[in-house]
Amino acid sequence: MTFGAELQGWYLQHKRDLPWRETRDAYKIWLSEIILQQTRVEQGLPYYLRFVERFETVVDFANAEEDDILHLWQGLGYYSRGRNMHKAARIVRDEYNGIFPVDYKTLLKLPGIGEYTAAAISSFANNEAQAVLDGNVFRVLSRYYGIDTAINSTEGKKTFTAIAQENLDQDHPALYNQAIMDFGAIHCKPKQPLCITCMFNTSCYAVLQGEVDRLPVKLKGKASKERYFNYFIVKDEAQILMSKRGEGDVWQNLYEFPLIESDRTLTIPEILIDEQFVRYFGDKAEIKLLQKQTKHILSHQNIYATFFEVRLKGGLNQKKSNWDYVFLKDLDKLAKHKLIFTFLERSNF
DNA sequence: AAGTCGGGGCA
DNA sequence: TGCCCAGACTT
């Protein structure tokens, strides 16, 4: 049996039942694929169900506001996916007559759709012969063929793309793609892969050479940065001051409290004479610690966040353009990042 | 070619 | 802790 035939045989016996496998609607497949980028199936599944429930078609999706999309996306991370989906949906609505494209080349032009996602949608929705190459496929091919070129290097991507495409079952692209990904996720796992019961354990290079734990090879990235966020809760009657984050940093377009970033932990006396603090709140404001410093870990930065309540003496000294007073009862409607909504859950707002 | 963008699960 | 997850985009 060929490599692809073995995989498909395994898949028919072991495949997971997932809702986006029940449809050939390119819109729903697109939803699932974007949600699942760098995201485990168990984590993305509830989001997928909420999105298809809320937006039945890509035109419904396009007619929503970006804030609505980000609000539904809240907590899933990598929020540019949500922003790009909104742009892509409007392109499909306005330039493709609301018909979601299914061919690889057209899909690749849409924002948020790269080579993997274009291959996934075009094969699943239209059986186009494009091989997917995601983390699972990298791992399976790397181990089976014993390729130790780094999977996150330019050369590695080129090499693995070629091998993936050579192995694709041209007659059953959708089935083959699903099979190799599920095999990587369930059987040829990163840690403790099931080599003992694997149908490839007499042909897999990594098993034969005892290199399963060494493959695939990946280049290490840069070390994480340390950042210190001082958040300020400013209430006025039934309202609270909120700020929308801008471009060029994490959590773009999400809401949070007014923030002063520092390069180290600040004490309350230090904050009270901080230049930015005085500019925002004046030199007579008082502050009280609401939540002591907590560590929030992102892929490439560690954020140490502290929350303070501010008592203004006579209104805001300076109001930034991205600041707005929001009624507490409307706070749920804003799209917020994890640091903020966890704080809100813990406190009594 | 390297850096940036989240959040969670697991050993 | 470090690594990984149905990657894409920017610099």
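- Backbone-only contact: A:D249 has heavy atoms under 4.0 Å from sugar-phosphate atoms and none from a base.
- When the side-chain nitrogen and oxygen atoms of A:W251 are compared with OP1 and OP2 of B:dG7, one or more of them lie within a distance under 4.0 Å.
- With salt bridges taken as basic N to acidic carboxylate O contacts below 4.0 Å, none links A:E226 and A:R264.
- Atom-to-atom distance recorded for A:M181:CE and A:L133:CG is 10.5 Å, nearest 0.5 angstrom.
- Taking the C1' atoms as reference points, C:dC9 lies 23 Å from B:dG8, given to the whole Å.
- The side-chain heavy atoms of A:I69 and A:F61, taken from C-beta on, include a pair separated by under 4.5 Å.
- Here the straight-line distance linking atom CG of A:N317 with atom CZ of A:R279 works out to 10.0 Å at 0.5 Å rounding.
- Between C:dC5 and B:dA1, the distance separating the two P atoms is 22 Å to the nearest Å.
- Using a 4.0 Å cut-off, some side-chain N or O of A:H296 falls inside it from OP1 or OP2 of B:dG7.
- Residue A:K189 places none of its side-chain N or O atoms closer than 4.0 Å to OP1 or OP2 of C:dC4.
- Between A:H300 atom NE2 and B:dG7 atom P there is a gap of 11 Å when expressed in whole angstrom units.
- Among the nucleotides B:dG3, B:dC5, B:dA11, the one closest to the side chain of A:K222 is B:dG3.
- Nucleotide B:dG7 holds its P atom 17 Å from the CZ atom of A:F343, rounded to whole Å.
- At a threshold of 4.0 Å, the pair A:K109-A:E95 does not count as salt-bridged, since none of the basic side-chain nitrogens sits closer than that to a carboxylate oxygen.
- Residues A:Y79 and A:Q252 are not in side-chain contact: their nearest non-hydrogen atoms beyond the backbone lie 4.5 Å or more apart.
- Taking every heavy atom of residues 253-264 of chain A and every atom of DNA chain C, no pair lies under 4.0 Å.
- Atom-to-atom, CG of A:N302 to C1' of B:dG8 comes out at 15 Å; the value is rounded to the nearest Å.
- At a threshold of 4.5 Å between non-hydrogen side-chain atoms, the residues A:E115 and A:Y104 count as touching.
- Here C:dG2 presents its C1' atom at 18 Å from CD of A:Q301, a figure rounded to the nearest Å.
- With a 6.0 Å cutoff to the six-membered ring centre and a 45° limit on the axis angle, A:R50 counts as a cation-pi contact of A:Y47.
- A:T306 places a side-chain heavy atom less than 4.5 Å from the side chain of A:L289.
- Regarding A:I151, its CD1 atom lies at a distance of 10 Å from the C1' atom of C:dC4, rounded to whole Å.
- A gap of 15 Å separates the P atoms of B:dG3 and C:dC3, to the nearest Å.
- Contact between the side-chain N/O atoms of A:K338 and the OP1/OP2 oxygens of B:dG8 is found at a separation under 4.0 Å.
- If you check B:dC5, B:dA11, B:dG8 against the side chain of A:Q192, the one that comes closest is B:dA11.
- The distance from atom CG of A:L298 to atom P of C:dC3 is 17 Å, rounded to the nearest whole Å.
- You'll find the side chain of A:F308 reaches within 4.5 Å of the side chain of A:I268, heavy atoms only.
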Once base and sugar-phosphate atoms are separated, protein heavy atoms under 4.0 Å mark nucleotides 6-11 of chain C, 5' to 3', with B, S and - as BBSS--
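- Distance noted for atom P between C:dT11 and B:dG6: 15 Å (whole Å).
- Atom C1' of C:dA8 sits at a distance of 23 Å from the matching atom of B:dG9, rounded to the whole Å.
- For A:K218, taking side-chain heavy atoms from C-beta onward, the closest of the listed nucleotides C:dC4, B:dC5, C:dG2 is C:dC4.
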